[in-house]
Amino acid sequence: MTAADRRKGIFAMNKTGRTLVLLALAAGLGLTGCAGGGESADTVAVQSVSMLAGLGNVGVQDRFAGEVVAQATQEIEKDAERTVGELLVEAGDTVQVGDVLFTYDTDEIQLSIETAQLELEKLENTIESTANEIAQLEKDKKKASSSDQLAYSIQIQTLEAENKENEYNLMTKKVELEGLEKSLENAEVKSEIDGIVQTINEDGATDDYGNAKPYIVLMETGAYRVKGTVNEMNVSSIYELTGQSVIIRSRVDSDQTWTGIMGDVDTENPESSNSYYYYSDSSSQSSKYPFYVTLEDSEGLMMGQHVYIEMDQGQDAEREGLWLASVYLDLEDGACVWVANDNDKLEKRTVTLGEYDEELDEYQIESGLEAADYIAIPDESLKEGQPVTRYDDSYFAADDGEYSDDDVYSDDGEYSDDGVYSDDSVSTDDENVYSDSDLDGAFYDAEIGADSYDMEEFEAEEASEADPAGVE
């Protein structure tokens, strides 16, 4: 297999399910009805039915990396115009609804209230005194001569204008006093959820965008959800999945699963990222956005646990018998398959079909084929008696630098400047080899990556193919 073919296998992306990725791998490896890989023109590549039916180790499924997080959090902002009097909790403390987290300095508020009350009383006295003065001037005006009437009128109008201004100031001061009194009542800031104090921002730290971080963040306990992240270049793919069923799979035990519903992408709160994507000799910083899965049942999950998020395509549904993708069946003349016999020769065999899964485009094989058989992709060039070469799970083992069934790769980013296909700096730059040690925030197509693939060997092989004679 050439380096270029191997690259196609590593960087192939399956958007429709297991079968198409296996076909892509088959094409890259020469697994067709034609010759390949240095064998004679009559040799036919055949694949393990057990592998193709998902009974072996190779089973490809689109995945996101996920983390179990709290169902809800409470972010408490501190009033920038007020001073914290006493902080009553520490990071890691358990709190319940109604517990006091911190208090504001009431001495300062009380002083402001007393000052406002004095100013309010002064304004009320001024308004009353001015009103009395206006009333007296009105009486004096009636007794004054006609030559003095104008002077009285001007004086009265001036005092009336002053009183209107004082009445407005009185109303404003009353509103201010009400706010101060309300602040005194709300001097205690309480928890609205049962949870754990996750962080306390006493130093006024800001995020990467210069916005002030919450003063206290509480994390709810007792109910979980799963958080994933998606690169801005793939965010549209998540929009299409919103509301669909997903499977949450343990990274430790692939048989341990939970179910949930895919939620919306939170594009209002991008997460900081140091990853970059490259295009046309220029680079731009790539943002990541969180999305959440609502779980139907979270029993058995732990806070902070790392999991996989898979679209529910029926991959965990128990189906009786052997199921095979239609692409491996010759349906033009009944239902036939091209099978390798005990002598490693190709023969055409009739099979009996059962149910048909329209969503996966798979047929149930009732008889004529077993999991231990090896079959070829139907092709008009196939003939009975042709020699075969068998391919099964062992061909995809990682020990020979090929594909590994327990590795994953990411298509969430682009090529990085060190020549390694990377999402968020997931390649190990020191070794110049591909690594999946940092799985979070990436979109995964499981079990076909190569987390120990030597890029120097790869590039050298690719260069030799481009220039076999070694001439520059």
Side-chain angles (χ1 to χ4, degrees), residues 1-10 12 14 17-61 321-331 335-353 362-407 446-450 453 461:
M1 182 179 68
T2 66
D5 289 335
R6 187 183 303 123
R7 179 173 58 190
K8 291 178 181 178
I10 295 174
N14 170 27
R18 177 189 63 204
T19 301
L20 291 182
V21 170
L22 290 175
L23 287 176
L25 290 174
L29 299 173
L31 301 181
T32 67
C34 302
E39 297 156 355
S40 68
D42 295 328
T43 301
V44 178
V46 290
Q47 298 168 268
S48 165
V49 172
S50 174
M51 180 183 70
L52 297 176
L55 305 177
N57 292 328
V58 175
V60 180
Q61 177 65 37
L322 181 67
W323 290 77
L324 194 64
S326 63
V327 70
Y328 293 99
L329 298 169
D330 186 345
L331 301 175
C336 302
V337 290
W338 289 91
V339 188
N341 61 24
D342 294 338
N343 297 319
D344 282 343
K345 300 294 183 181
L346 197 64
E347 67 178 30
K348 193 172 185 179
R349 185 187 302 174
T350 301
V351 294
T352 302
L353 302 182
E362 293 182 347
Y363 285 93
Q364 183 185 34
I365 309 297
E366 293 186 342
S367 64
L369 191 67
E370 297 180 356
D373 288 327
Y374 285 73
I375 60 175
I377 299 175
D379 186 275
E380 60 182 10
S381 66
L382 298 182
K383 297 178 181 179
E384 291 190 286
Q386 286 181 268
V388 301
T389 299
R390 299 173 184 256
Y391 294 91
D392 54 21
D393 289 338
S394 62
Y395 181 83
F396 295 88
D399 56 359
D400 59 355
E402 300 293 334
Y403 305 100
S404 169
D405 70 328
D406 59 354
D407 296 330
E447 302 165 2
I448 66 171
Y453 189 76
E461 184 177 350

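Because only heavy atoms are used, hydrogens play no part in the values below, and waters and symmetry mates are left out as well, while side chains stay in.
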> So, does R349 use its side chain to make a donor-acceptor pair with the main chain of L369 at under 3.5 Å?
Replying inline: no
>> Test side-chain contact (heavy atoms from CB on, under 4.5 Å) on L329 and V337; report intermediate values, then the result.
In response: CA-CA 5 Å; L329 298 169; V337 290; 3.4 Å; yes
> Which is it for K383 and V44 under the side-chain contact (heavy atoms from CB on, under 4.5 Å) test, yes or no, and what are the steps along the way?
Replying inline: CA-CA 10 Å; K383 297 178 181 179; V44 178; over 6 Å; no
>> Once salt bridge (Lys or Arg N to Asp or Glu O under 4.0 Å) is applied, do any residues pair with E384, and if so which ones, sequence neighbours excluded?
In response: none
> Can L353 and L331 be said to form a side-chain contact (heavy atoms from CB on, under 4.5 Å), step by step?
Replying inline: CA-CA 11 Å; L353 302 182; L331 301 175; 4.1 Å; yes
> Is there a donor-acceptor pair closer than 3.5 Å between any side-chain N or O of N343 and the backbone N or O of K345?
Replying inline: no
>> Please find the pair of heavy atoms, one from W338 and one from P378, that lie closest to each other, and give the distance.
In response: CD1-CA, 4.1 Å
>> Working to the nearest 0.5 angstrom, can you tell me the gap between T43 OG1 and Q386 CD?
In response: 8.5 Å
>> Within this structure, what is the CH2-CD1 distance for the pair W323 and I365, rounded to the nearest 0.5 Å?
In response: 9.5 Å
> CD/Q364 to OG1/T352 distance, rounded to the nearest 0.5 angstrom?
Replying inline: 11.0 Å
>> Can you confirm whether E347 is buried at CD, in the sense that more than 12 heavy atoms of other residues, nucleotides or ligands lie under 6.0 Å from that atom?
In response: yes
> Looking at D344, I375, T389, L346, which one forms a side-chain contact (heavy atoms from CB on, under 4.5 Å) with V46?
Replying inline: L346
> Would V339 and Y374 satisfy side-chain contact (heavy atoms from CB on, under 4.5 Å), going step by step from the backbone distance to the final call?
Replying inline: CA-CA 6 Å; V339 188; Y374 285 73; over 6 Å; no
>> Could you report the tightest heavy-atom contact between A371 and S48, atom names first, then the distance?
In response: O-OG, 4.4 Å
> Looking only at heavy atoms, which two atoms of R390 and A340 are closest? And how far apart?
Replying inline: NH2-CB, 4.0 Å
